[in-house]
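Input: a single structure, listed below in structure tokens.
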Amino acid sequence: MSLSSKRILITGGAGFLGSHLCERLLGEGHDILCVDNLFTGHKRNIATLLDNPRFEFMRHDVTFPLFVEVDEIYNLACPASPVQYQVNPVQTTKTSVHGAINMLGLAKRVRAKVFQASTSEVYGDPEVHPQPESYWGQVNPIGPRACYDEGKRCAETLFFDYHRQHALKIKVARIFNTYGPRMDPNDGRVVSNFIVQALQGRPITIYGDGRQTRSFCFVDDLIDGFVRLMASPDEVTGPINLGNPGEFSMLELAEKVVAQTGSSSKIVFEPLPRDDPRQRRPVIDLARDHLGWIPRVSLDDGLQRTIAYFRALLT
Ligand code: NAD
Ligand code: UDP
């Protein structure tokens with residue numbers, strides 16, 4: 001092992017983002033321990049990594065303690081799609097909160113640096129637009145999204161208390177909607193839903209009037225932000241927004257997907273889920289100034305690469 005090579009634990013490593021992070025860090029010569037209970041992740045996401053002697057997969061639920069020797073921890077374990085995190089909301093809160101406690105406890109024991117995959121959902125249905133990290137958010141604490149939103153907010157609280165109380169090195173990223181190859185075709189998120197529907201010639205389901213907005217970041221850009229944040233000076237703890245500030249309505253997204261796939265699918269309107277945020281756009285000045293990070297991939301280019309992935313997956 002070279003001097004700069006680290007032992008890195010990635011929880012949720014068999015998921016969409018986690019598998020890309022495993023790949024990136026393996027490529028940099030690190031030893032990767034991928035921990036996942038495969039609730040929303042898949043072995044197919046890490047299939048090409050299993051033969052690499054520096055890669056190890058462990059099936060484990062982060063709500064239970066874990067004892068391993070590592071230098072860095074990326075804590076990504078948690079279902080991220082509203083459909084999936086509402087399947088078993090109690091387990092979602094446990095995964096965020098007990099998972100954070102277990103990973104922080106591990107980090108404290110082995111003095112590892114620890115990264116938390118937080119979310120723009122901490123801003124809830126925001127009254128401040130676009131959202132800077134200083135905004136405390138507007139979250140319904142008892143609604144159907146609360147298991148995820150409040151779980152992630154509590155995890156942030158734990159990270160900052162471990163930092164203040166135990167001088168732990170922490171890195172908290174607030175991730176805005178990210179898309180790309182290896183999204184689960186069935187997990188209900190908007191980009192994968194629209195692309196799969198378009199490729200299969202089924203109606204494109206817009207919830208509500210389609211005027212709600214989101215900012216979509218391509219996965220490669222996001223993973224680059226993760227790695228830069230982990231490598232940043234210790235005083236850069238975050239929370240730090242990582243997302244693409246381009247803002248699109250769901251109607252605009254649907255039209256782009258139909259045009260790029262050449263689909264004959266029609267758009268249909270379905271009821272808006274409760275507490276669905278009306279708008280989302282990150283302020284990324286902190287990421288630009290502290291990490292030298294800005295997203296490079298436009299929505300059109302990223303969609304093209306994601307459509308190619310789903311085309312291959314579905315045929
Ligand atoms: P994903 O569902 O593809 O990945 C989550 C992974 O965590 C899956 O592999 C799943 O099996 C695993 N997991 C779930 N519960 C677990 C448990 N109790 N123990 C062990 N493993 C468990 O979702 P993703 O998009 O890759 O999201 C990864 C992380 O990034 C999540 O923490 C999510 O909240 C956060 N995030 C993602 C986005 C996004 O747009 N993709 C936005 C904001 C935040
Ligand atoms: N959405 C939609 N049709 C779908 C899936 C989602 O119109 O088939 C909408 C959803 O109501 C929300 C936006 O797309 O306004 C983003 O939804 P997603 O579940 O991807 O993420 P989140 O709401 O967590 O940002």
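For ligands, and for the atoms within them, numbers begin at 1 and follow the listed sequence. Everything numeric in this text was worked out from a predicted model, so none of it was measured.
Contact check for C217 versus F176: no side-chain heavy atoms found under the 4.5 Å cut-off.
Checked options T95, L106, D36, L76; the residue passing with V62 is T95 (criterion: side chain to side chain contact (heavy atoms under 4.5 Å, CB included)). Tested against V196, the residues V191, L314, V257 include a single side chain to side chain contact (heavy atoms under 4.5 Å, CB included) partner, L314.
Listed by first then second residue, pairs satisfying side-chain hydrogen bond (donor to acceptor under 3.5 Å, both in side chains) with a partner in residues 302-314 read D220-R305, not counting sequence neighbours. Screening residues 99-119 for salt bridge (charged side-chain N to carboxylate O under 4.0 Å, His left out), with sequence neighbours left out, gives no hits.
Taking the six-membered ring where the residue is Trp, the centroids of F226 and F115 are separated by under 6.0 Å.
With hydrogens and angles left out, the side-chain atoms of T63 and D61 include a donor and acceptor closer than 3.5 Å. D184 and H42 share a donor-acceptor pair across their side chains, judged by distance under 3.5 Å alone.
Listed by chain and residue number, the protein contacts of ligand 2 are P82, E121, R145, N177, G188, R189, V190, N193, F194, T205, I206, Y207, Q212, R214, M250, P273, D276 (heavy atom within 4.0 angstrom).
To the nearest 0.5 angstrom, L21 atom CG is 7.0 Å from I32 atom CD1.
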Note down each nitrogen or oxygen pair, ligand 1 side and protein side, whose separation is under 3.5 Å; give only atom names and the distance to 0.1 Å.
residue  : atom   : partner : partner atom : Å
ligand 1 : 2 (O)  : T40     : OG1          : 2.6
ligand 1 : 3 (O)  : F16     : N            : 2.9
ligand 1 : 7 (O)  : C78     : N            : 3.3
ligand 1 : 9 (O)  : G15     : N            : 3.1
ligand 1 : 9 (O)  : D36     : OD1          : 3.2
ligand 1 : 9 (O)  : D36     : OD2          : 2.5
ligand 1 : 9 (O)  : G41     : N            : 3.2
ligand 1 : 11 (O) : D36     : OD1          : 2.6
ligand 1 : 11 (O) : F39     : N            : 2.9
ligand 1 : 11 (O) : T40     : N            : 3.0
ligand 1 : 11 (O) : G41     : N            : 2.9
ligand 1 : 13 (N) : N37     : OD1          : 3.3
ligand 1 : 18 (N) : D61     : OD1          : 2.9
ligand 1 : 18 (N) : T95     : OG1          : 3.1
ligand 1 : 19 (N) : V62     : N            : 2.9
ligand 1 : 21 (N) : N37     : N            : 3.2
ligand 1 : 21 (N) : N37     : OD1          : 3.3
ligand 1 : 25 (O) : R189    : NH1          : 2.9
ligand 1 : 25 (O) : R189    : NH2          : 3.1
ligand 1 : 26 (O) : F16     : N            : 3.4
ligand 1 : 26 (O) : L17     : N            : 2.8
ligand 1 : 32 (O) : L76     : O            : 2.8
ligand 1 : 32 (O) : K152    : NZ           : 2.8
ligand 1 : 34 (O) : Y148    : OH           : 2.5
ligand 1 : 34 (O) : K152    : NZ           : 3.0
ligand 1 : 40 (O) : T178    : N            : 2.8
ligand 1 : 41 (N) : R189    : NH1          : 3.0

